[in-house]
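Computed over heavy atoms, backbone and side chain alike; hydrogens, waters and symmetry mates excluded. This structure is a prediction, so every number in the text was calculated from the model and none was measured. Chain naming here is simple, since letters A, B, ... match the order of the sequence lines and numbering starts at 1 in each.
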Amino acid sequence: MKIQIDNLRFTYPTGLEVLRGISLSIEAGEQVAIVGQNGAGKTTLVRHFNGLLQPASGSVMIGDWDTKKTSVAKLASRVGYVFQNPDEQLFSKDVATEIRFGPRNLGYSKEKIDELVTRALALTELSDKTETNPYDLSPTWRKMVALASVIAMDTPIVIFDEPTTGQDAVNVARIAHVIAELHREGKTVITITHDIDFCAENFERVIALSKGQILLDGPAREVLGQEEILAQTYVDPPQLTRLGKRLGLKETVRNQDEFLSAMRK
Amino acid sequence: MAFINLQNVTYQYPLTKTPVLQNINLQVNEGEFVAVIGPNGAGKSTLCYALAGFVPHFFKGEISGSIEVAGVESSKSTLDEWVMNVGLAFQNPFNQISGAKYTVFEEIAFGLENSGVPREEMKARVEEAMKLTDISDLADRSPYSLSGGQQQRVALTSILVMQPKLLVLDEPTSQMDPIGTREVFSVVRKMAEGGMTVVMVEHKMEWIAQFADRVIALKDGQILLEGKPNEVLTSNILAENGFGVSRYTSTAREAKKQGLWRKENLPVTLDEAVEGFVKRDE
């Protein structure tokens, strides 16, 4: 499912223009990270993908659907969106009901719903918490419930808005595993993140936004090495990329394996 | 005498079966900047609440041991007395914003209004605090129209403006961009230099190592390790207990096995890392 965005502009009712001419396309199955300073327009941009926001001008196409002519309910079958704050998203009395809600609304058969829910629970390691009220769980596990409830909808496109915020190392690894698994299934995953090391280790393509425009867009290795340009949108290159530069390595390294093998050369 | 003095503090929330803080002993000096790290569920936020008086005054539950800040014992004080000394920035800024104010400027003035600060002084202090955290341009926006990271800066500013003796910060940079994060650490450092005592829960080891005086590693409600940032943050015990570590530390640990790290101590910051890595051909 391709995402095609042409010259997208968006202004909030207060008069603040947050997106100022965004054009980009994302092919089916891509793993894309969106980075950039607070207020750059990252969340505003992705909320156009599932129709929560409508362009002031320009267009957003999800496959052959124009988001201006498609309801949010219909778009939900193609685009799943995990909110930055799980509390904006969760409302059911127990975890199982919460996770069943999405696929049930998409009209899947009972067998398919059972299968999707079981898979989502297993992937997010929530199988032993199905009867718990989401608000009795810690924020960490509430985040996993939010992830599971969107994964269970089995949409071809999944968006995560800052999934690693406030998560410890163990849970960040869990989330990285979820993303890898969705990638293996051929889904498009778009993730907003400030965790640039997480970005470097899990995404092939990186888009840097600054003040409502695209500053950089390309393979992670190219984008994350551009220290001066990234600084314009308050982003530092990943730790090991910075270290590689300081040590005079010729190539841009993104993770431990790349760094150590460059040091052995 | 220590500015913060926790003696054998054990605390259990109402309706729960196990204590979330167990036998915590902690002394912090005036003007010290202490970072608290730990996996999710370690009791970090509860420790913040205990310092800020919410535990037990607001959350109730069972507490034993004693919590003393600035020579006053928590159990002998009330929450409205306590907040005159201690400011807490919540983990989720959305939970902190009052909902009673239309603009960021008014939101930041809210605490000062409630403590009866004269109008002119209040305006000057709000402007100064906004300058410090670099949010002057947000003054007329609605707090609810802001991005997560901007909201977090507003939440922090509305505490800084109160000039508390003890500043307690629960993951204040979790939604901030990397350079914003560094700025917050540097502002907090400046506050500590000026005599404010700071306890900050954080996951970002590189900046903790650079800015904090001391690190407390918490796990399962107990203090697992405590000491100078570099010592604690490079300890094998952390890696074995599910704590996040800086990429410099984990990579150097691996590099040491391959002969690519030449120093005894592992690095946490970029500068430390630059000094110790060696290329094979050198």
If we define contacts as heavy-atom pairs under 4.5 Å, which of [options] has the most with chain A?
{"options": "B:S246, B:G180, B:G259", "value": "B:S246"}
{"options": "B:E254, B:M176, B:E183", "value": "B:M176"}
{"options": "B:G38, B:G244, B:P39", "value": "B:P39"}
{"options": "B:S147, B:G148, B:S145", "value": "B:S147"}

Would you kindly say whether [X] and [Y] are connected by a side-chain donor-acceptor distance under 3.5 Å?
{"X": "B:E171", "Y": "B:Q91", "result": "yes"}
{"X": "B:K219", "Y": "B:N241", "result": "yes"}
{"X": "A:Y234", "Y": "A:S210", "result": "no"}
{"X": "B:E202", "Y": "B:T173", "result": "yes"}

- Steps toward ring-ring contact (aromatic ring centres under 6.0 Å, His included) verdict (A:F49, A:Y81): CA-CA 9 Å; A:F49 295 2; A:Y81 176 54; 9.3 Å; no

If I measure from the heavy atoms of chain B, does [X] come under 4.5 Å with its side chain, its backbone, both, or neither?
{"X": "A:L249", "answer": "side chain"}
{"X": "A:N171", "answer": "side chain"}
{"X": "A:Q37", "answer": "both"}
{"X": "A:N85", "answer": "side chain"}
{"X": "A:E162", "answer": "side chain"}
{"X": "A:A40", "answer": "neither"}

- Top residue by heavy-atom pair count (under 4.5 Å) with chain B, among A:V170, A:D236, A:T140? A:D236

- Message: If we define contacts as heavy-atom pairs under 4.5 Å, which of A:G166, A:A173, A:G248 has the most with chain B?
- Response: A:G166

- Message: Angle between ring planes, B:Y13 versus B:Y11, binned at 30° and 60°: parallel, tilted or perpendicular?
- Response: perpendicular

- Note on the structure: Between B:M205 and the options B:L233, B:T249, B:V232, B:T269, the side-chain contact (heavy atoms from CB on, under 4.5 Å) test singles out B:L233

Check each atom of [X] against the heavy atoms of chain A and say whether the ones under 4.5 Å are side chain, backbone, both or neither.
{"X": "B:Q175", "result": "both"}
{"X": "B:Q152", "result": "neither"}
{"X": "B:S174", "result": "both"}
{"X": "B:S250", "result": "both"}
{"X": "B:N92", "result": "side chain"}
{"X": "B:S142", "result": "neither"}

- Task: Indicate yes or no: does A:E258 engage A:R221 in a salt bridge with an N to O separation below 4.0 Å.
- Result: yes

- Message: Looking at A:D87 and A:R142, is there a salt bridge between them, counting it only when a charged N and a carboxylate O are closer than 4.0 Å?
- Response: yes

- Task: Assess the pair B:F58 and B:Y49: is the distance between their ring centroids shorter than 6.0 Å?
- Result: no

- Query: Side chain of B:D170, backbone of B:L88: donor and acceptor closer than 3.5 Å?
  - Reply: no

